[in-house]
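FYI, the numbering just counts along the sequence from 1. Every value quoted in this text rests on a predicted model; they were computed, and no experiment measured them. Whatever order the structure lists them in is the order used to number ligands and atoms, beginning at 1.
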Amino acid sequence: MAKDTVILTGDRPTGRLHIGHYVGSLKRRVELQNEGDFKQMFVFIADAQALTDNIDNPEKVRQNVIEVALDYLAVGLDPSKITIFIQSQIPELCELSFYFMDLVTVSRLQRNPTVKTEIGMRGFESSIPVGFFTYPISQAADITAFRATTVPAGEDQRPMIEQATEIVRRFNYIYGDTLVEPQIMLPQNAVCCRLPGTDGKAKMSKSLGNCIYLSDDAKTVKQSVMSMYTDPTHIHVDDPGHLEGNTVFTYLDAFCRPEHFGLYWPDYANLDEVKEHYQRGGLGDMKVKKFLNNILQEELEPIRQRRAEFAQDIPAVYAMLRRGCEQAREVAAQTLSDVRRAMKINYFDDADLIKEQAARFAQK
Ligand code: ATP
Ligand code: MG
């Protein structure tokens, strides 16, 4: 990281945040925040984007804004070090999206693999809301309005960052160097790029109901772990087990650390030994699940506790968000002013334009 780094990420308030968000993005954000090696860091709640596929359920979005804010505070995001804001409170983002719409073709949007998958997931094939279809453009506005250089996110966001980069290049090519190109920062651990759901589906996702939420109580987490998808061919303990697509092992790859063996499973020295035994046969799913449960409980307990503390003063959380929105708006307004100048639509601030036109008409 360098001192001119600007970090930005957002989450849709379509539900509480889950352990996929945690390993895919949140954990990294907290580390970056605490290292402090950046110029600015923004984290935002993408309520306007959430409305693009929830327009008939605005209450869901409204309720989840505060849930996501609490999740942020619970994992350790700290509004005294970074800016936390709500997307819809920054009208400059709409204006920027409006100009960006002219830089992207319909067929380019249709090719976006994340949008394609999400359209399928939501059953939108024949009735895609225009706002949803174009959300990669508004996401490019979110990123560029804050001059973000670095976006810590999961794999599903890669096509969005590519789209944003193309928009920046096209804009800068036409209007001169104005906007900053962003880069995605994926998790170092490959399994964390796209954590599968507890049902074994490709991605843990609020919209798929296959999540372990950061705010789930201990009993709920345990139930989710115990009913988690494993290897359907591993019926008897002695059967050889498979690791491929086995969610319990994927989660162990994401969360297990060497010290967990001494604490919770001294029979094994490391994860490779467990995997080897499982594959050979003779190791039951229940034992592995109990181990995973212990690890997850250890990771989630402090988050749960902090969340409960912050939840005791909800007006203070809204006040924090309000301050964040004010700070964010100032930055976005500055970028917008640069954009208008570059596009030469700053008519009333452009003394040369007025003189030029006066001269042109004087000659007639
Ligand atoms: P929705 O279903 O409403 O889209 P979501 O669960 O996909 O919700 P988002 O708010 O879209 O969550 O994503 C927020 C951030 O978390 C993004 O950076 C995204 O890449 C990351 N993320 C989401 N799900 C996962 C996952 N299963 N594994 C790793 N990262 C994830
Ligand atoms: Mg998503």
Any idea which atoms of ligand 1 are less than 4.0 Å away from a heavy-atom of Asp156? 19 (C), 20 (O)
Just checking Tyr268 against Tyr278, ring centres under 6.0 Å apart? no
Is it the side chain, the backbone, both or neither of Arg122 that has a heavy atom closer than 4.0 Å to ligand 1? side chain
Please assess Val274 against Trp265 for the test side-chain contact (heavy atoms from CB on, under 4.5 Å), listing each intermediate value before the final yes or no. CA-CA 10 Å; Val274 179; Trp265 216 2; 3.6 Å; yes
Decide whether the shortest distance between a heavy atom of Cys193 and an atom of ligand 1 is less than 4.0 Å. yes
Any link between Phe44 and Val30 through a network of hydrophobic side chains (Ile, Leu, Val, Met, Phe, Trp, Tyr) touching at under 4.5 Å? no
What's the shortest distance from atom 31 (C) of ligand 1 to any protein heavy atom, and which residue and atom give it? Gly20 O, 3.7 Å
When you measure from atom 8 (O) of ligand 1 to every protein heavy atom, which one gives the shortest distance, and what is it? Lys206 NZ, 3.0 Å
Let me see the working for Gln87 and Arg12 under side chain to side chain donor-acceptor pair (under 3.5 Å), right down to the final yes or no. CA-CA 10 Å; Gln87 185 190 27; Arg12 293 153 41 91; over 6 Å; no
Test item: side-chain donor near acceptor, Asp338 and Thr178, under 3.5 Å: no
Closer than 4.0 Å to some heavy atom of Gly154 - which atoms of ligand 1 meet that? 18 (O), 19 (C), 20 (O), 30 (N)
Met121 near ligand 1 by a heavy-atom separation under 4.0 Å: no
For atom 4 (O) of ligand 1, tell me which residue out of Arg158, Arg12, Met204 has the closest non-hydrogen atom. Arg12
Run the side chain to side chain donor-acceptor pair (under 3.5 Å) test against Tyr264 and tell me which residues pass, sequence neighbours left out. Glu298
Purely on distance, is any nitrogen or oxygen of His21 under 3.5 Å from one on ligand 1? yes
So which protein heavy atom does atom 18 (O) of ligand 1 come closest to, and at what separation? Ala153 CB, 3.3 Å
Atoms of ligand 1 close to Thr14 [distance to a heavy atom under 4.0 angstrom, numbered from 1]: 1 (P), 3 (O), 8 (O)
Report, in ascending order of atom number, the atoms of ligand 1 lying under 4.0 Å from any heavy atom of Gly24. 29 (C), 30 (N)
Test item: side-chain donor near acceptor, Asn210 and Tyr229, under 3.5 Å: no
Heavy atom of Gly197 under 4.0 Å from ligand 1? no
Within the 3.5 Å criterion, strictly below it, is a donor on Glu59 or Gln63 matched to an acceptor on the partner's side chain? yes
